[in-house]
**Student:** 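Below is one structure. I have some questions about it.
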Amino acid sequence: MDEKEKGLNSELPLDSDLDNENDGALEEKDGVKYETNDNWEFEAEAPTLNNDMFSVPDFPETNNTSGEYFSANDYTASRQVVVNRDVFTFVPLAIFVAAVIAVLAVFGVRYYTVPNGKEGDLMNPASVVATIEDSDISLGMYNLYFSSVVSEYEKYASYYGINTTADYANQYTTDDDGNKISWLEVFQNETLEELKTHCVLSDAAKKAGITLSTGQQKMIDDYIDNLKSSASEQNASLNDYISDVFGDYCTEETFRLYMERFYLAINYQGRFAIENKPESEEINKFYEEHKKDYYQINFSYLALTYDSSSDEAKKKSEKSVQEYAAKIKDRQSIIDLVPTVYANYIKNDAASAMEADSSLSEKDAIKQATANYEANIDGQMSGTDMQFGEEINNWLFDENEPTGSVKYYINDEMGYAYIILKTEQPTHSEEELYSVRHILIMPETKRLDAETDENGNTIYNDEEWAAADEKAKSILDKYNSGDKTELAFAALAEEESGDVASTGAGGYSGRYGGLCENVSKGNMVSEFESWALDKEHQFGDVEIVKSQYGYHIMFFISKDAAYKAQLASDVRNTNLQKIVDDTKLSKHDSVLKKANDKFLVEKKAANESSSNGNLSQGY
């Protein structure tokens with residue numbers, strides 16, 4: 001594990017303000033790209049819009065005759081004199097240039113060319129990547145999100161067809177509208193969208209008076225403390241360490257703001273889910289508009305390799321796919337083809353099995369490997385799944401297409417093909433799902449000699465269980481003495497529940513207020529599940545249930561067929577997303593370009609370094 005990974009795994013984000021001395025270090029560190037006399041594109045609106053330092057008049061074009069602005073044509077028409085048009089374009093420019101020079105004289109060139117790693121009012125124009133409504137987004141914040149987005153895509157690079165050793169600006173995919181787009185643009189767009197979501201929802205939380213819970217504040221402080229420890233182990237300042245791990249100009253201030261926005265966004269989303277439950281009329285309308293999305297279908301398939309190295313190879317591969325497709329009439333015919341289609345895989349798996357178990361015969365190993373492939377010829381997809389493309393999806397979900405129909409899907413870029421057999425017509429999932437909230441009160445012990453069970457869980461004594469029971473009852477009494485709403489229960493869960501995975505304190509679960517939403521049978525301990533599935537329960541029912549983990553103060557929300565439960569959640573999430581979509585985001589292209597260019601340069605250097613290292617080791 002390298003030092004960056006060590007820092008990431010430690011738990012999360014720094015020194016304090018970057019003073020003048022730090023700014024100098026930044027300039028020296030990134031002298032190639034951000035030195036005082038570099039060629040950043042000056043954005044004239046930045047000081048005007050973001051800092052209100054001076055106001056530059058909005059001079060119109062000279063061909064504007066609308067009457068809305070002063071027009072050279074209007075001027076000449078009213079006075080019938082000859083006008084030197086150059087004067088009208090030059091004089092405003094002269095005023096503008098003079099104003100810029102005056103500002104630069106006061107603040108210095110670096111103020112507009114070198115990011116300063118600060119947030120809020122102290123952020124300089126060179127640091128502003130985008131403006132979301134009235135909030136400026138810093139270069140450090142962008143880099144933090146961007147590195148996270150890229151890292152996530154690189155985890156699944158083979159699935160997306162991304163070459164992590166090549167320039168992302170010269171690798172292309174298609175967007176949702178079918179337009180060609182580079183992977184670098186994909187990363188940038190997703191980064192800005194994620195930033196926008198967190199910024200909008202956290203701002204909405206502040207306006208609604210929603211604050212961080214005690215647990216969330218502790219999570220932030222603990223993460224910062226862990227970063228400080230990691231930085232100390234590296235003999236680095238906290239800001240330098242964070243910048244190295246999460247991106248240039250990312251500071252303690254940046255990381256703390258990021259986590260605060262993240263948790264506030266979760267809290268707002270949780271509050272929104274409680275206070276904005278969609279009505280049945282809205283749900284029905286949404287269903288009619290997205291009906292196919294709530295169907296599912298089972299099918300069977302064969303997967304084949306596809307050689308796209310040349311036109312001749314493609315023809316040969318496609319002919320092979322067509323020949324196999326012609327042999328498929330039903331599910332059994334697919335099973336019959338498994339030994340042939342997967343021959344090489346079966347042989348390799350059998351060899352591995354015999355190597356692991358010397359007592360296994362070749363015949364039995366092949367039989368076992370074949371059975372494994374036969375057991376994996378079935379798949380399921382919903383109307384929103386597009387892993388085989390839109391054409392295959394439409395075909396599968398078309399009720400006029402009979403069962404037994406066969407189609408094949410080829411992805412020549414990835415080098416594979418699927419032959420798909422439609423084995424049934426699309427249906428709704430009627431599986432029953434339930435949604436509840438709970439506050440978990442776990443027993444506690446101070447005994448040093450406390451025993452553990454076979455799973456490593458502490459074995460509590462009667463006194464410790466009794467204390468937990470008493471605490472659970474006191475919390476329930478507190479709830480019952482209030483207004484007894486779902487929101488009040490959720491607020492208690494945020495402060496009291498030991499199950500942080502179902503609260504905002506858990507952070508990355510995205511849950512709030514002890515929520516366990518759309519849970520299928522078999523996923524929770526039996527006592528918890530029996531209560532949740534009790535047919536007598538109505539919305540708002542509250543009760544204490546004991547399980548091996550402690551006492552659960554339960555709050556019943558709903559129970560419904562899977563597709564209906566998902567439908568209600570989707571309507572709510574669509575309404576929440578509309579708040580984000582309706583918020584304006586303005587990109588500062590010159591700063592974004594600088595950030596992306598620097599990323600590509602560093603990525604190229606890292607790849608070359610890795611390649612040289614492998615060569616030196618004889619790889």
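Fair warning: this is a prediction, and the values are worked out from it, not measured in the lab.
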**Student:** Can you check whether Phe556 reaches Gln538 side chain to side chain, under 4.5 Å on heavy atoms?
**Tutor:**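 Not in contact.
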
**Student:** With a 6.0 Å cut-off (strictly less than), is the heavy-atom count around CG of Asn455, excluding the residue itself, greater than 12?
**Tutor:**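 Yes, because the 6.0 Å sphere around CG of Asn455 holds more than 12 heavy atoms from other groups.
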
**Student:** Taking atom types as modelled, is there a side-chain donor on Gln216 or Asn267 under 3.5 Å from an acceptor on the other?
**Tutor:**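 Yes, Asn267 and Gln216 have a side-chain donor paired with an acceptor closer than 3.5 Å.
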
**Student:** Could you walk me through whether Lys228 and Asp225 satisfy the side chain to side chain contact (heavy atoms under 4.5 Å, CB included) test, starting with their C-alpha distance in whole Å, then the side-chain angles of each, then the deciding distance to 0.1 Å, before giving a yes or no?
**Tutor:** CA-CA 5 Å; Lys228 288 178 179 177; Asp225 287 342; 4.2 Å; yes

**Student:** We want to know whether Tyr294 and Asp570 form a side-chain donor-acceptor pair, criterion being a heavy-atom distance below 3.5 angstrom.
**Tutor:**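 The answer is yes; a qualifying pair exists.
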
**Student:** Using only atom types and a distance under 3.5 Å, with no angle test, would you say the side chain of Asp385 pairs donor to acceptor with the backbone of Gln387?
**Tutor:**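 No; zero donor-acceptor contacts below 3.5 Å.
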
**Student:** Taking Glu119 first and then Arg256, would you say they form a salt bridge - that is, a charged N and a carboxylate O separated by under 4.0 Å?
**Tutor:**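 So Glu119 does not pair with Arg256 through a salt bridge.
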
**Student:** Please find out if less than 6.0 Å separates the ring center of Phe555 from that of Phe539.
**Tutor:**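 For Phe555 and Phe539, the ring centres are under 6.0 Å apart.
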
**Student:** Using modelled atom types only, decide if a donor and an acceptor are shared between the side chain of Glu464 and the backbone of Asn461 within a distance under 3.5 Å.
**Tutor:**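 Yes; at least one donor-acceptor contact below 3.5 Å.
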
**Student:** Just checking Asn523: does its CG atom have more than 12 heavy atoms from other residues, nucleotides or ligands closer to it than 6.0 angstrom?
**Tutor:**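 Atom CG in Asn523 is crowded, with more than 12 foreign heavy atoms closer than 6.0 Å.
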
**Student:** Set out, in order, the CA-CA distance, both residues' side-chain angles and the distance that settles side chain to side chain contact (heavy atoms under 4.5 Å, CB included) for Asp203 and Glu133, then state yes or no.
**Tutor:** CA-CA 10 Å; Asp203 283 351; Glu133 201 71 10; 5.6 Å; no

**Student:** Are Lys603 and Glu154 within salt-bridge range, i.e. N to O under 4.0 Å?
**Tutor:**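 The answer is yes: the pair qualifies as a salt bridge.
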
**Student:** Would you compute the distance between atom CG of Leu515 and atom CD of Glu486 and round it to the nearest 0.5 angstrom?
**Tutor:**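 Between atom CG of Leu515 and atom CD of Glu486 there are 8.0 Å.
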
**Student:** Are Glu432 and Lys521 close enough for a salt bridge, meaning some N to O gap below 4.0 Å?
**Tutor:**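 Between Lys521 and Glu432 there is no salt bridge, as every charged N stays at least 4.0 Å from the carboxylate O atoms.
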
**Student:** Between the side chains of Thr214 and Glu495, does any donor sit under 3.5 Å from an acceptor?
**Tutor:**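 Yes, a side-chain donor-acceptor pair sits under 3.5 Å.
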
**Student:** Would you call the rings of Tyr258 and His198 parallel, tilted or perpendicular, taking 30° and 60° as the class edges?
**Tutor:**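 Geometry flag for His198 against Tyr258: tilted rings.
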
**Student:** Taking atom types as modelled and ignoring hydrogens, do the side chains of Thr131 and His588 form a donor-acceptor contact shorter than 3.5 angstrom?
**Tutor:**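 Yes.
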
**Student:** What I'd like to find out is whether the side chain of Leu212 reaches to under 4.5 Å of the side chain of Leu264, using heavy atoms alone.
**Tutor:**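 A side-chain contact exists here, since the closest heavy-atom pair is under 4.5 Å.
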
**Student:** Which of these, Thr574, Val580, Ile579, sits in a side-chain contact (heavy atoms from CB on, under 4.5 Å) with Leu576?
**Tutor:**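 Option passing the side-chain contact (heavy atoms from CB on, under 4.5 Å) with Leu576: Ile579.
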
**Student:** Is Ser243 reaching over with its side chain to a backbone N or O of Asn239, donor-acceptor style, under 3.5 angstrom?
**Tutor:**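 Flag not set: sc Ser243 to bb Asn239 has no pair under 3.5 Å.
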
**Student:** Using 0.5 Å steps for rounding, measure from the CD1 atom of Ile220 to the CZ atom of Phe262.
**Tutor:**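 It is 10.5 Å, given to the nearest 0.5 Å.
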
**Student:** Roughly how far apart are Ile441 CD1 and Ser497 OG, rounded to 0.5 Å?
**Tutor:**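 Between atom CD1 of Ile441 and atom OG of Ser497 there are 6.5 Å.
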
**Student:** Please check if the side chain of Tyr142 supplies one atom and the backbone of Val129 the other of a donor-acceptor pair under 3.5 Å.
**Tutor:**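 Here the side-chain-to-backbone pair does not exist.
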
**Student:** For Asp134, which residues count as a side chain to side chain donor-acceptor pair (under 3.5 Å) partner, sequence neighbours excluded?
**Tutor:**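 In terms of side chain to side chain donor-acceptor pair (under 3.5 Å), with neighbours along the sequence ignored, Asp134 is linked to no residue.
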
**Student:** Got a second to check how far Ser148's OG is from Phe246's CZ, nearest 0.5 Å?
**Tutor:**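 Rounded to the nearest 0.5 Å, the OG-CZ separation comes out at 9.5 Å.
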
**Student:** How close do Ser135 and Cys199 get, heavy atom to heavy atom, and via which atoms?
**Tutor:**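 That closest heavy-atom pairing would be CB-SG, 3.8 Å.
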
**Student:** Is any side-chain heavy atom of Thr254 less than 4.5 Å from a side-chain heavy atom of Tyr249?
**Tutor:**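 No, side chains not in contact.
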
**Student:** Could you check whether atom CD of Glu470 has more than 12 heavy atoms from other residues, nucleotides or ligands sitting under 6.0 Å from it?
**Tutor:**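 No, CD of Glu470 has 12 or fewer neighbouring heavy atoms, counting only those of other groups under 6.0 Å.
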
**Student:** Measure the shortest side-chain to side-chain distance between Trp531 and His552 over non-hydrogen atoms and say whether it is less than 4.5 angstrom.
**Tutor:**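 No; the side chains remain at least 4.5 Å from each other.
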
**Student:** Is there a side chain to side chain contact (heavy atoms under 4.5 Å, CB included) between Asn573 and Gln577 once you walk through the steps?
**Tutor:** CA-CA 6 Å; Asn573 292 335; Gln577 184 61 43; over 6 Å; no

**Student:** Does any part of the side chain of Asn143, heavy atoms only, come nearer than 4.5 Å to the side chain of Cys250, both counted from C-beta?
**Tutor:**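 A side-chain contact under 4.5 Å is absent here.
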
**Student:** Just checking Tyr549: does its OH atom have more than 12 heavy atoms from other residues, nucleotides or ligands closer to it than 6.0 angstrom?
**Tutor:**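 Counting neighbours around OH of Tyr549, 12 or fewer heavy atoms of other residues, nucleotides or ligands fall under 6.0 Å, so no.
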
**Student:** Report yes if the side chains of Tyr512 and Tyr268 come closer than 4.5 Å at any heavy-atom pair, otherwise no.
**Tutor:**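 Answer no - side chains too far apart.
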
**Student:** Run the side-chain hydrogen bond (donor to acceptor under 3.5 Å, both in side chains) test on Asn575 and Glu282 for me, step by step, so that the C-alpha distance in whole Å, both residues' side-chain angles and the decisive distance to 0.1 Å come before the verdict.
**Tutor:** CA-CA 11 Å; Asn575 291 338; Glu282 184 180 12; 2.9 Å; yes

**Student:** Angle class for the Phe286/His290 ring planes (parallel below 30°, perpendicular above 60°, tilted otherwise)?
**Tutor:**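 Taking His290 first and then Phe286, their aromatic rings lie parallel (interplane angle under 30°).
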
**Student:** Going from NZ on Lys559 to NE2 on His537, what distance comes out if it is rounded to the nearest 0.5 angstrom?
**Tutor:**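 Reported to 0.5 Å precision, the distance equals 8.0 Å.
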
**Student:** Closest approach of Ala450 and Thr458, non-hydrogen atoms and distance?
**Tutor:**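 Taking every non-hydrogen atom into account, CB-CG2, 4.1 Å.
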
**Student:** I need the minimum non-hydrogen distance between Ala472 and Tyr551, along with the two atoms involved.
**Tutor:**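 For Ala472 and Tyr551, the tightest heavy-atom pair comes out as CB-CB, 3.9 Å.
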
**Student:** Is any side-chain heavy atom of Ile181 closer than 4.5 Å to a side-chain heavy atom of Val186?
**Tutor:**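 Heavy-atom side-chain distance check passes, below 4.5 Å.
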
**Student:** Is the shortest side-chain N to carboxylate O distance from Arg572 to Glu517 below 4.0 Å?
**Tutor:**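 Glu517 and Arg572: salt-bridged.
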
**Student:** Provide the closest heavy-atom pair for Val591 versus Ala126 in the form atom of the first, atom of the second, distance.
**Tutor:**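 Heavy atoms only, the tightest pair is CG1-O, 3.7 Å.
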
**Student:** Quick check against the 3.5 Å criterion: does Ser232 have a side-chain atom that pairs as donor or acceptor with the backbone of Ser229?
**Tutor:**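 Pair absent, no side-chain N/O of Ser232 close to backbone of Ser229.
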
**Student:** List the atom of Ala169, the atom of Ser182, and the distance in Å for their closest heavy-atom pair.
**Tutor:**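 So the two residues come closest at O-CB, 3.5 Å.
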
**Student:** Do Lys118 and Ser127 have side chains that approach each other closer than 4.5 Å (heavy atoms only, starting at C-beta)?
**Tutor:**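 No, too far: nothing below the 4.5 Å cut-off.
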
**Student:** Mind checking what makes salt bridge (Lys or Arg N to Asp or Glu O under 4.0 Å) contact with Asp469, not counting sequence neighbours?
**Tutor:**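 Asp469 satisfies salt bridge (Lys or Arg N to Asp or Glu O under 4.0 Å) with Lys473 only.
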
**Student:** If you measure from CG on Leu184 to CG on Asn189, what distance do you get to the nearest 0.5 Å?
**Tutor:**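 It is 9.5 Å, given to the nearest 0.5 Å.
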
**Student:** Could you check whether any side-chain N or O of Ser530 sits under 3.5 Å from a backbone N or O of Glu527, counting only pairs where one atom can act as donor and the other as acceptor?
**Tutor:**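 Not at all, since once roles are kept as given, no pair shorter than 3.5 Å links the two residues.
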
**Student:** Is the CD atom of Gln380 crowded by more than 12 outside heavy atoms at less than 6.0 Å?
**Tutor:**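 It does: Gln380 CD has more than 12 such atoms within range.
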
**Student:** Can you check side chain to side chain contact (heavy atoms under 4.5 Å, CB included) on Met524 and Tyr434, steps first, answer last?
**Tutor:** CA-CA 11 Å; Met524 296 293 187; Tyr434 63 85; 3.2 Å; yes

**Student:** Counting the benzene-type ring for Trp, do Tyr160 and Tyr156 have ring centres under 6.0 Å apart?
**Tutor:**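 No, ring centres 6.0 Å or more apart.
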
**Student:** Answer yes or no: is there a donor N or O on one side and an acceptor on the other, between the side chain of Ser151 and the main chain of Ser147, under 3.5 Å?
**Tutor:**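 No: the side chain of Ser151 does not pair with the backbone of Ser147.
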
**Student:** Would one find more than 12 heavy atoms of other residues, nucleotides or ligands at under 6.0 Å from atom CD of Glu444?
**Tutor:**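 No, CD of Glu444 has 12 or fewer neighbouring heavy atoms, counting only those of other groups under 6.0 Å.
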
**Student:** Can you see which heavy atom on Thr164 is nearest to which on Ala157, and at what distance?
**Tutor:**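 Smallest interatomic distance, heavy atoms only, reads CG2-CB, 3.7 Å.
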
